[in-house]
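Atoms within each ligand, like the ligands themselves, are counted from 1 in listed order.
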Amino acid sequence: MSLPTIDISPFLNPSSTAASRKQTAQAINTACTQYGFFYLTNHGIPTATQDHIISLARSFFALPLSQKLQIKRHDAGGPEGGDGARGYQPMGDNVTAGRRDMHEAVDWYREWDHAAKTEGSGGKGTSAPLQGTNLWPSEPTDLKDVYEEYVKQVLTVGEAVVRAMGVAIALLCNGEGEVDDEVFVKSTDMSFWVMRMIGYPKLSSSVAPSESGSTAADMENEFSCGEHTDYGCITLLLTDPTPGALQVLHKDGQTWINADPIPGAFVVNIGDMMERWTNGLWKSTKHRVIHRGDGYRVSVPFFYEPNFDAVVEPLGACVRKSGREPVHQGSTYGEHLLGKVLSNFY
Ligand SMILES: O=C(O)CCC(=O)C(=O)O
Ligand SMILES: [Fe+2]
């Protein structure tokens, strides 16, 4: 079993035909209904750029810990000026479902530019949650420029994907009342994006996660990134070629599908906000990382998120189509995200 592939070029090319856009939208609907995950091709970002992103991540993680800690993430309101979100998190800092994840990571967010900054709880010179500035490493020297350029490119791809998703939802909910097929585009036009650079050492434990009788030490060591759904809109994931690491839970709730990288393609998945908008017609799918392969694995997911102020609530036509009560009463994406930051992303 493998994930479907979506050719997004009709939504990037202004001279594409309506028929080709419809075909892509229908393929997205099938992929999001059945898997919540797909490979994205013909997105316009050169493979050489993707390779450069991955190799810079690898170079950063190879630096001595003391150097990586120079851009450490600090708690919001603290004397270091941290905002609880941006910066480097050493191995074991991340916890999923109460268990330490065996990875290290750096997070960057859209700069706080949509509203006035408020003072952090620690007083003058401290930052409120998410309102800090991005922390860039001094080495590799070209990382900042290359990554900032990449953000611009990947935002264009994200916009094309959510535009296609709007058309897909309008097709799916045809006859259920009016659907604004630009709703996702409008709600992400100031995307409060997150870019994450992750490094995974090979897991030392040889015990498979589901095997019984594993020791406490094995249990602690067994996940590179524990089972989770992504909390936002869509994720555009770039990884190195390591196979077998990223696994996606099939709809049957039991089978883990290997989402091995395809050169040049992104692995795209929908997050909890898309599930909420569609009232569960599309599900944000559980996935996990178990890296027992060779070498040090790196990945760079880009989370194309709603605007901080975007109200995310189930769309009327989706509620009717689903035949279920609204799954959520609605909130802004910012409220949802702040809840995540304040609970340390549990
Ligand atoms: O590294 C990967 O392949 C996936 C990472 C992931 O799922 C996440 O950061 O949300
Ligand atoms: Fe994820």
On a heavy-atom basis, the closest approach of F61 and I198 is CE1-C, 3.4 Å

Check: Is the backbone N or O of N13 less than 3.5 Å from a side-chain atom of S16, with the two atoms forming a donor-acceptor pair by type?
Finding: yes

Row for the Fe ion (ligand 2): angle NE2 (H228) to OD1 (D230), 10° precision, value 90°

Pocket residues around ligand 1 (non-hydrogen, under 4.0 Å) come out as I198, Y200, H228, D230, L237, T239, L246, H287, V289, R297, S299, P301, F303

Side-chain donor-acceptor pair under 3.5 Å between [X] and [Y], yes or no?
{"X": "Y150", "Y": "T49", "result": "no"}
{"X": "S191", "Y": "T188", "result": "no"}
{"X": "R196", "Y": "T235", "result": "no"}
{"X": "T33", "Y": "N29", "result": "yes"}

